[in-house]
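Below: one structure, written as structure tokens.
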2 protein chains.
Amino acid sequence: MTATDVTLPELRLDCGACLHDVVQHVEIDGDPQRDNLILIPHALTGSARVREWWPAIAGAPGALFDPQRCCVVGINALGSCYGSSGPRDAADFAPITVADMVRAQALALERLGFSRFALAIGGSLGGMQALQWALDFPERVGHAIVVAAHDHHSAMGVALNGLQREAIALDSVRGLRLARKLAVLTYKSDALLAARHDRRPDRHGRAGFDVEGYLEAQAERFVGRMDASTYAVLTSAMDSFDVRRHRPRATPPPIDFVGISGDWLFRPADVRAAAARLAARECSSAYTEFESDHGHDAFLAEAPRLAQLLRAILARRDACSGAFVKPAPDGRGDQIVLDRMQVR
Amino acid sequence: MTATDVTLPELRLDCGACLHDVVQHVEIDGDPQRDNLILIPHALTGSARVREWWPAIAGAPGALFDPQRCCVVGINALGSCYGSSGPRDAADFAPITVADMVRAQALALERLGFSRFALAIGGSLGGMQALQWALDFPERVGHAIVVAAHDHHSAMGVALNGLQREAIALDSVRGLRLARKLAVLTYKSDALLAARHDRRPDRHGRAGFDVEGYLEAQAERFVGRMDASTYAVLTSAMDSFDVRRHRPRATPPPIDFVGISGDWLFRPADVRAAAARLAARECSSAYTEFESDHGHDAFLAEAPRLAQLLRAILARRDACSGAFVKPAPDGRGDQIVLDRMQVR
């Protein structure tokens with residue numbers, strides 16, 4: 001495992017502003033070769049340390065991407081407090097977009113000699129970045145997998161992020177706690193909360209319902225690891241995301257979308273529609289549904305099962321298009337719903 | 001139309017506290033007779049003036065319940081700032097439950113000589129009250145219709161209400177605005193927001209997205225008509241609601257549940273399950289689904305269409321059980337999905 005920081009002397013943003021001396025933290029797991037690089041951008045509160053938040057996909061023994069065979073590249077998103085320049089460095093940090101994040105990553109990774117990735121894959125904001133990579137740098141990505149995200153942030157998503165920033169504006173600490181609680185609710189399904197907490201009193205004997213105690217614990221952990229201004233900048237970047245009218249310079253690589261059945265923040269119907277929109281634009285795009293009651297969080301909470309589905313997607317692409325990144329073998333493939341949309 | 005206030009000298013609450021000189025505001029529309037009384041409790045921010053918030057059901061010309069034939073009784077919920085004793089009268093106002101609301105209503109309406117209602121009907125918190133009436137006063141209600149509510153407030157509902165009270169605790173004015181915005185989002189469907197606002201900039205030229213401008217306008221109207229402490233008390237009463245293990249003193253009247261297809265706060269699957277639970281307890285219970293993309297708010301926003309469905313439910317009960325309140329006639333009955341569950 002190698003960790004390194006790259007400093008970009010200058011980065012032009014979509015808003016017109018120019019950032020100087022932009023730091024990008026990169027973590028590399030495996031032996032980089034010409035055709036084995038897997039790029040994994042992170043979600044809203046993740047980091048370049050993919051093995052910490054997605055061990056079943058990359059990092060743990062038996063993970064989908066085995067460092068003996070692949071080289072996993074994690075890179076911190078611009079603006080994040082886990083190793084990139086952001087609003088903690090400058091109070092007037094300019095508004096950024098997902099395209100800005102990806103441009104910074106492309107520049108930083110080029111400096112490290114990583115000119116082309118066999119695959120870019122991510123979930124949620126990480127999925128938005130994987131898609132933006134495929135559209136903005138089609139020659140540098142062989143395949144993209146977009147999990148629990150689609151081609152724009154929805155009106156509901158935008159509104160919910162706005163309320164979270166409004167809470168932070170009321171009180172940077174207590175408001176950040178409130179924002180996290182709201183976000184956690186959007187990541188969980190009604191069914192999961194009913195099964196786990198129903199209407200039981202808090203299991204730790206504090207006042208209120210068990211679901212409230214759970215949210216309290218989530219908020220407590222969160223304020224110790226996240227900065228309010230960073231959170232505001234990153235959620236605004238999510239809100240800016242809309243590539244429905246994006247016209248790539250060249251034909252994008254194959255793009256697989258994975259929707260989560262119980263996700264109400266990035267609804268599977270919207271993920272499917274995004275795949276169809278790309279397919280209608282002569283892009284090799286497919287939709288697969290991951291059956292999970294967990295909600296949006298399933299891409300993390302059920303990563304071992306997700307890894308099986310991703311293995312099948314990779315095998316399908318391999319069968320369709322010849323040479324391709326081969327995941328580590330795994331005999332099991334049950335509980336997978338595939339081919340709700342045909343690969344073109 | 002007659003408006004009157006009833007004062008109850010004493011009201012014992014579920015929490016053990018005793019309230020004194022409890023005021024209940026009542027509005028009566030129509031000529032009360034032995035068998036024509038329709039009780040319509042209101043939702044979270046409604047009032048006894050049913051004709052103002054549910055004109056297609058009661059009050060407007062051609063409404064489902066015609067004052068020429070029926071007598072509609074609206075009564076303010078205990079704790080509400082629209083005509084009942086509540087936390088504005090006493091800073092230490094005790095926590096109340098839906099059963100407390102209904103007990104206060106039963107006492108107040110008895111004093112007015114209203115001993116029995118042909119029908120109790122309501123949506124959301126009003127539906128919870130209609131159900132509580134049927135279970136607690138089975139001899140005083142001939143039929144109950146529960147719209148967009150079921151037999152308990154869900155873990156998700158409880159958590160979302162808790163966050164709204166947390167916002168109010170941060171700042172009673174700005175927090176109430178934030179609470180209202182969050183509540184409005186829970187009342188709307190993702191599909192409706194996408195169709196109405198998508199990702200367009202605010203139509204009034206203010207900063208942000210159109211959906212944010214809409215929420216801002218909703219919040220602005222709300223703080224002019226609602227009090228933060230009232231809102232906290234009423235949402236807590238909702239959170240207390242759970243009659244899944246309620247054992248009525250006598251067989252309850254027929255109970256019809258109406259779920260809204262696009263409702264994610266009171267999910268149709270949960271409404272259906274509540275009907276099935278009651279049916280399993282030898283109660284004449286049925287479920288009907290109202291197809292609407294509006295979300296929870298459909299019981300208000302699409303009240304004219306809802307009235308058609310209610311007309312069909314009333315006609316079905318009439319055909320099954322003989323004499324019954326007959327709604328005003330209306331030839332149209334299309335767009336209605338009925339009989340997803342058989343009437344027992």
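A note on names: the letters A, B, ... follow the listed sequences, proteins ahead of strands, and every chain is numbered from 1.
At a heavy-atom cut-off of under 4.5 Å, chain A is reached by B:Ser154, B:Ala155, B:Met156, B:Val158, B:Ala159, B:Leu160, B:Gly162, B:Leu163, B:Arg165, B:Glu166, B:Ala167 from residues 154-167 of chain B, listed in order of number. Interface residues of residues 176-183 of chain B toward chain A, defined by a heavy-atom distance below 4.5 Å and sorted by number: B:Leu178, B:Lys181, B:Leu182.
A:Ser240 touches chain B through its backbone: at least one of N, CA, C or O sits under 4.5 Å from a heavy atom, while the side chain does not.
Atom CG of residue A:Asp270 and atom CG of residue B:Asp190 lie 5.5 Å apart, to the nearest 0.5 angstrom.
The candidate with the highest count of non-hydrogen atom pairs below 4.5 Å against chain B, out of A:Leu185, A:Leu193, A:Asp171, is A:Leu185. Contact tally against chain B (heavy-atom pairs below 4.5 Å) for A:Leu215, A:Leu192, A:Asp242: the top residue is A:Asp242.
Between A:Trp264 and B:Arg267, the shortest heavy-atom distance links the atoms CD1-NH2, 4.4 Å.
With respect to the salt-bridge test (charged N to carboxylate O, under 4.0 angstrom), the residues A:Asp198 and B:Arg244 qualify.
The backbone N or O of A:His152 sits nowhere less than 3.5 Å from a side-chain atom of B:Arg199 that would complete a donor-acceptor pair.
With sequence neighbours excluded, the residues forming a side chain to side chain donor-acceptor pair (under 3.5 Å) with B:His197 are B:Asp210, listed by chain and number. Listed by chain and residue number, A:Phe222 satisfy the ring-ring contact (aromatic ring centres under 6.0 Å, His included) test with A:Tyr231 (two or more places apart in sequence, or in another chain).
Heavy-atom contacts from other residues, nucleotides or ligands closer than 6.0 Å to CZ of A:Arg221 number 12 or fewer.
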